[in-house]
A.B. asks: 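Got a structure for you, questions after.
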Amino acid sequence: MTVPERLEALRKRMEEKKIDVYVVPTADFHQSEYVGEHFKARKFITGFSGSAGTAVITKTEARLWTDGRYFIQAAKQLEESTVELMKMGEPGVPEMNDYIEKVLQAGETLGFDGRVVSVGEGQGYADIAAKKDAHVNYQEDLIDEIWSDRPAMSEEPAFDLDVKYAGETVADKLARIRKEMKDAGANTHVMTTLDDICWMLNIRGNDIDFFPMVLSYAIVTIDGVELYIDERKLDDALKAKLAADGVKLYPYNDIYEDVKKFTEDTVVMVDPGKLNYAIFNNIPENVKTIEQRNPAILMKAMKNPVEIKNIRKAQIKDSVAHVRFMKWLKENVGKMKITEMSASDKLDEFRAEMGNFIRPSFEPISSFGEHGAIVHYTSSPETDVELKEGQLFLTDTGAGFYEGSTDVTRTYALGEVPQIMKDHFTLVAISNLQLGNAKFLEGSTGMVLDILARKPFWDRDLNFNHGTGHGVGYLLNIHEGPTGFRWKYRPGETEPLAEGMIITDEPGIYIEGSHGIRLENELLTKKGTLNEYGQFMYFEAITLIPMDLDAINPDIMTAEDKKLLNDYHARVYEVISPYLNDEEKAWLEKYTRAI
């Protein structure tokens with residue numbers, strides 16, 4: 001079926017169920033940012049394949065809200081769909097909830113699948129319905145009724161993440177979470193977010209492409225854990241390990257009925273931004289709930305010493321792989337056929353040679369020329385183009401090693417490129433280095449520091465339409481809260497930067513129809529000087545890959561800018577060169593030379 005045909009079929013179902021407005025988000029039952037094939041309902045109904053967006057379908061209209069990363073991609077993918085693109089945050093574009101409130105009429109019904117909507121979102125929809133004297137139906141998965149060849153849920157096996165990688169036992173993690181529960185006055189904690197559950201139980205899996213998660217729910221009590229999971233994912237050794245930590249296993253979907261059995265003496269801690277609306281509504285009304293952020297969110301963001309030691313190893317592996325890739329790319333472009341997809345594959349070959357490589361840590365962004373202006377472009381056999389000299393090539397990829405996950409972006413000049421591209425590249429490098437070398441007082445958030453990355457752009461009346469950086473999980477989500485660099489407020493990214501947090505630094509510039517440039521390092525947050533003014537903090541760049549000097553214009557750099565770049569490159573050579581052969585060392589010395 002085409003998208004218009006799917007929309008027609010959906011509207012027939014809406015009419016049968018007496019639903020007038022239907023919301024289709026990008027989510028699974030666990031509020032995951034990226035989802036498995038079974039859960040890509042929004043992609044199915046709109047044709048838009050980006051990782052973020054929500055569709056709203058009425059009897060006569062279909063609209064899709066997405067953010068600045070996807071404006072170009074969404075516009076192209078929605079061309080023949082009859083779905084109208086709503087560019088979030090742009091002038092004249094209504095907020096999605098404002099639109100729903102406008103189109104929903106008295107006596108009508110607003111529908112959505114409550115399993116793929118958070119408590120906070122669901123309550124927002126319920127408030128709109130109440131205001132309009134309308135109704136809510138959160139029990140209908142209408143997409144499932146028209147998606148005849150919907151992929152099945154993943155049945156991939158889970159695996160244990162040994163404490164030599166995790167750095168902390170399950171027992172210790174549970175003790176910390178239970179302390180937070182007691183401090184909040186709760187004796188039960190319902191968890192649905194996969195990264196929190198996997199972190200807590202030191203398990204990983206393969207249920208979402210690129211993200212080593214296991215589809216599961218958990219109920220933590222003061223003396224046990226109830227894990228809702230397809231037992232076929234667990235081998236006998238992993239079952240025994242979980243049992244030793246007081247974990248009992250239950251069928252995956254049983255949680256929806258089991259929460260109905262909570263008694264009056266149960267006090268449940270829930271995170272309204274993470275728990276799904278259907279589970280929350282199944283908790284009896286006489287059971288007290290305490291709304292509080294999942295304790296695991298902050299715990300897993302502040303990496304422990306073992307994790308940091310391992311992550312450094314992963315970053316060195318990935319940096320060595322990138323140096324070899326950069327050398328190979330520059331020496332072979334124009335001499336052999338290299339495409340976006342084959343280049344991405346070649347980079348992963350270099351990564352695999354480093355050992356303990358599991359899989360890419362997210363869907364690779366491998367974009368040549370004008371494709372680079374599409375912030376989250378994904379190359380496909382239909383769009384895969386050959387790399388040629390005279391243009392830029394952007395690669396935003398990551399590696400999942402047992403020692404940790406990486407997220408790295410580099411943009412390379414292929415041969416001689418136009419001066420405007422060099423100027424733009426240099427601007428991005430200045431921005432990256434200014435933020436990466438920040439010194440700040442403890443208690444600062446990413447919003448405080450984002451101006452360091454934006455100022456070089458704003459001084460020139462330029463900007464980039466995405467956040468400047470995000471936290472990175474340890475073999476979990478590549479985008480991890482609760483902090484981030486951005487100039488606009490965003491819920492879930494307001495936590496002050498703390499020692500042990502790892503966050504990306506990735507400014508960029510995107511010229512539609514021409515080129516895109518992004519440079520991304522991962523930064524480790526560390527404590528610096530403690531004096532009468534407070535605790536000073538700073539970042540250490542743990543990504544150690546040259547910024548392509550073939551694309552640098554030193555004439556637009558200040559003396560400070562040049563020193564920051566030269567100091568960074570000196571460190572790249574110092575740390576990475578011991579892992580290279582003589583030919584590779586000589587090449588790296590050229591590309592880390594002082595300017």
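None of the values given here were measured: they were computed from a predicted structure. Any value given below was found using the heavy atoms of this structure, including those in side chains, with hydrogens, waters and symmetry copies removed.
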A.B. asks: Enter the distance from D28:CG to M153:CE here, rounded to the nearest 0.5 Å.
C.D. replies: 8.5 Å

A.B. asks: Is a side-chain donor or acceptor of Y474 paired with a backbone partner of Y165 at a separation under 3.5 angstrom?
C.D. replies: yes

A.B. asks: Can you establish whether the number of heavy atoms outside K455 located under 6.0 Å from its atom NZ is more than 12?
C.D. replies: no

A.B. asks: So, T397 side chain and P364 main chain: donor-acceptor pair closer than 3.5 Å or not?
C.D. replies: no

A.B. asks: Between T406 (side chain only) and A399 (backbone N and O only), is there a donor and an acceptor less than 3.5 Å apart?
C.D. replies: yes

A.B. asks: Using a strict 4.0 Å threshold on nitrogen-to-oxygen distance, state whether E180 and R293 make a salt bridge.
C.D. replies: no

A.B. asks: Check step by step if side chain to side chain contact (heavy atoms under 4.5 Å, CB included) holds for Y591 and D548.
C.D. replies: CA-CA 7 Å; Y591 276 92; D548 191 356; 3.6 Å; yes

A.B. asks: Can Y412 and T395 be said to form a side chain to side chain contact (heavy atoms under 4.5 Å, CB included), step by step?
C.D. replies: CA-CA 8 Å; Y412 301 120; T395 167; 3.8 Å; yes

A.B. asks: Any side-chain heavy atom of F401 sitting closer than 4.5 Å to one from I358?
C.D. replies: no

A.B. asks: Ignoring hydrogens and geometry, is there a side-chain-to-backbone donor-acceptor pair from R410 to H322 under 3.5 Å?
C.D. replies: no

A.B. asks: For F485, what residues pass the ring-ring contact (aromatic ring centres under 6.0 Å, His included) criterion, not counting sequence neighbours?
C.D. replies: F539

A.B. asks: In plain terms, say whether D183 and K179 are close enough for a salt bridge, that is, a side-chain N and a carboxylate O under 4.0 Å apart.
C.D. replies: yes

A.B. asks: Is any side-chain heavy atom of T483 less than 4.5 Å from a side-chain heavy atom of T445?
C.D. replies: no

A.B. asks: Grab the two heavy atoms, one from D235 and one from L238, that are nearest each other, plus how far apart they are.
C.D. replies: OD1-N, 2.8 Å

A.B. asks: Determine which pairs satisfy ring pair (Phe, Tyr, Trp, His ring centres under 6.0 Å) with at least one residue from residues 225-252, sequence neighbours left out, and list them in order.
C.D. replies: H30-Y252, Y217-Y252, Y228-Y250

A.B. asks: Quick one: pull up CG in L544 and CD1 in I576 and give me the separation to the nearest 0.5 Å.
C.D. replies: 5.0 Å

A.B. asks: If I compare all heavy atoms of E168 with all of W199, which pair ends up nearest, and what's the gap?
C.D. replies: OE1-CZ2, 4.2 Å

A.B. asks: Between Y489 and T494, is a side chain to side chain donor-acceptor pair (under 3.5 Å) present by the stated rule, with each step listed?
C.D. replies: CA-CA 8 Å; Y489 169 78; T494 58; 5.7 Å; no

A.B. asks: Cut-off 3.5 Å, side chains only: do N310 and E307 have a donor facing an acceptor?
C.D. replies: no

A.B. asks: Quick one, V320 with R324, criterion side chain to side chain contact (heavy atoms under 4.5 Å, CB included). Give me CA distance, side-chain angles, the key distance, then yes/no.
C.D. replies: CA-CA 6 Å; V320 171; R324 289 174 174 156; 3.5 Å; yes

A.B. asks: Could you check whether atom NZ of K274 has more than 12 heavy atoms from other residues, nucleotides or ligands sitting under 6.0 Å from it?
C.D. replies: no

A.B. asks: Nearest 0.5 angstrom please: E442 CD to L530 CG, how far?
C.D. replies: 8.5 Å

A.B. asks: Charged N to carboxylate O below 4.0 Å: is that the case for K327 and E584?
C.D. replies: no

A.B. asks: Taking V375's backbone N and O only, do any of them form a donor-acceptor pair with D396's side chain (distance below 3.5 Å, no angle check)?
C.D. replies: no

A.B. asks: Judged by atom type as modelled, is there a donor-acceptor pair below 3.5 Å linking the side chain of S32 to the main-chain atoms of V35?
C.D. replies: no

A.B. asks: Would you say the side-chain atoms of N206 pair up with the backbone N or O of D209, donor to acceptor, closer than 3.5 Å?
C.D. replies: no

A.B. asks: Return the minimal non-hydrogen interatomic distance between E480 and A301, and the atom names on each side.
C.D. replies: OE1-CA, 3.5 Å

A.B. asks: Kindly write out the residues that satisfy side-chain contact (heavy atoms from CB on, under 4.5 Å) with Y573, not counting sequence neighbours, or none if the list is empty.
C.D. replies: S577, K585, L588, E589, T592

A.B. asks: Could you grab the distance from atom CG of L174 to atom CE of M200, nearest 0.5 Å is fine?
C.D. replies: 5.5 Å

A.B. asks: Are the side chains of I311 and K313 in touch, meaning some heavy atoms are under 4.5 Å apart?
C.D. replies: no

A.B. asks: Of all the heavy-atom pairs spanning A186 and V268, show the shortest one and how long it is.
C.D. replies: CB-C, 4.5 Å

A.B. asks: Can you pull out every ring pair (Phe, Tyr, Trp, His ring centres under 6.0 Å) where at least one residue sits in residues 172-193? Sequence neighbours excluded, please.
C.D. replies: none

A.B. asks: Okay, side chain of S366, backbone of M341: is any donor-acceptor separation there less than 3.5 Å?
C.D. replies: no

A.B. asks: How are the rings of W328 and F350 set relative to one another: parallel (under 30°), tilted (30 to 60°) or perpendicular (over 60°)?
C.D. replies: perpendicular

A.B. asks: To the closest 0.5 Å, what do you measure between CG (L475) and CG (N202)?
C.D. replies: 11.0 Å

A.B. asks: Take E506 and T504 through the side chain to side chain donor-acceptor pair (under 3.5 Å) test and state the conclusion after the steps.
C.D. replies: CA-CA 6 Å; E506 48 181 312; T504 65; 2.9 Å; yes

A.B. asks: Salt bridge or not between D230 and R232? Use side-chain N to carboxylate O under 4.0 Å.
C.D. replies: yes

A.B. asks: Can you see which heavy atom on Y256 is nearest to which on V259, and at what distance?
C.D. replies: O-CG2, 3.6 Å

A.B. asks: Kindly indicate whether the side chain of T289, heavy atoms from C-beta on, has any atom under 4.5 Å from the side chain of F280.
C.D. replies: yes

A.B. asks: Tell me, with the steps shown, if H466 and D67 meet side chain to side chain contact (heavy atoms under 4.5 Å, CB included).
C.D. replies: CA-CA 8 Å; H466 58 73; D67 62 55; over 6 Å; no

A.B. asks: Given side chains that start at C-beta, do those of Y568 and N521 come closer than 4.5 Å, heavy atoms only?
C.D. replies: yes

A.B. asks: Between M181 and N187, is any pair of side-chain heavy atoms under 4.5 Å apart?
C.D. replies: no

A.B. asks: Is any side-chain heavy atom of I297 less than 4.5 Å from a side-chain heavy atom of D271?
C.D. replies: yes

A.B. asks: Got a sec: does the NZ of K346 have more than 12 other heavy atoms crowding it under 6.0 Å?
C.D. replies: yes

A.B. asks: Compare every heavy atom of M537 with every heavy atom of L497, then report the nearest pair and how far apart it is.
C.D. replies: O-CE, 4.3 Å

A.B. asks: Is it true that atom CG of N531 has more than 12 heavy atoms of other residues, nucleotides or ligands lying nearer than 6.0 Å?
C.D. replies: yes

A.B. asks: Can a donor-acceptor pair be found, under 3.5 Å and without considering hydrogens, that links the side chain of T411 to the backbone of L394?
C.D. replies: no

A.B. asks: Can you sort out the partners of R178 under salt bridge (Lys or Arg N to Asp or Glu O under 4.0 Å), two or more places apart, ordered by chain and number?
C.D. replies: none

A.B. asks: Can you tell me how far OG of S367 sits from CZ of F393, rounded to the nearest 0.5 angstrom?
C.D. replies: 7.0 Å

A.B. asks: Tell me whether T66 contacts the main-chain N or O of A52 through its side chain, where contact means a donor paired with an acceptor under 3.5 Å.
C.D. replies: yes

A.B. asks: Pick from R486, M447, H479, K488: which one makes a side-chain contact (heavy atoms from CB on, under 4.5 Å) with E493?
C.D. replies: R486

A.B. asks: Which residues pass the salt bridge (Lys or Arg N to Asp or Glu O under 4.0 Å) test with E340, not counting sequence neighbours?
C.D. replies: none

A.B. asks: Under 6.0 Å from the six-membered ring centre of F464 and within 45° of its axis: does the NZ or CZ of R454 meet both?
C.D. replies: yes

A.B. asks: Are any of the side-chain heavy atoms of V214 and L201 separated by less than 4.5 Å?
C.D. replies: no

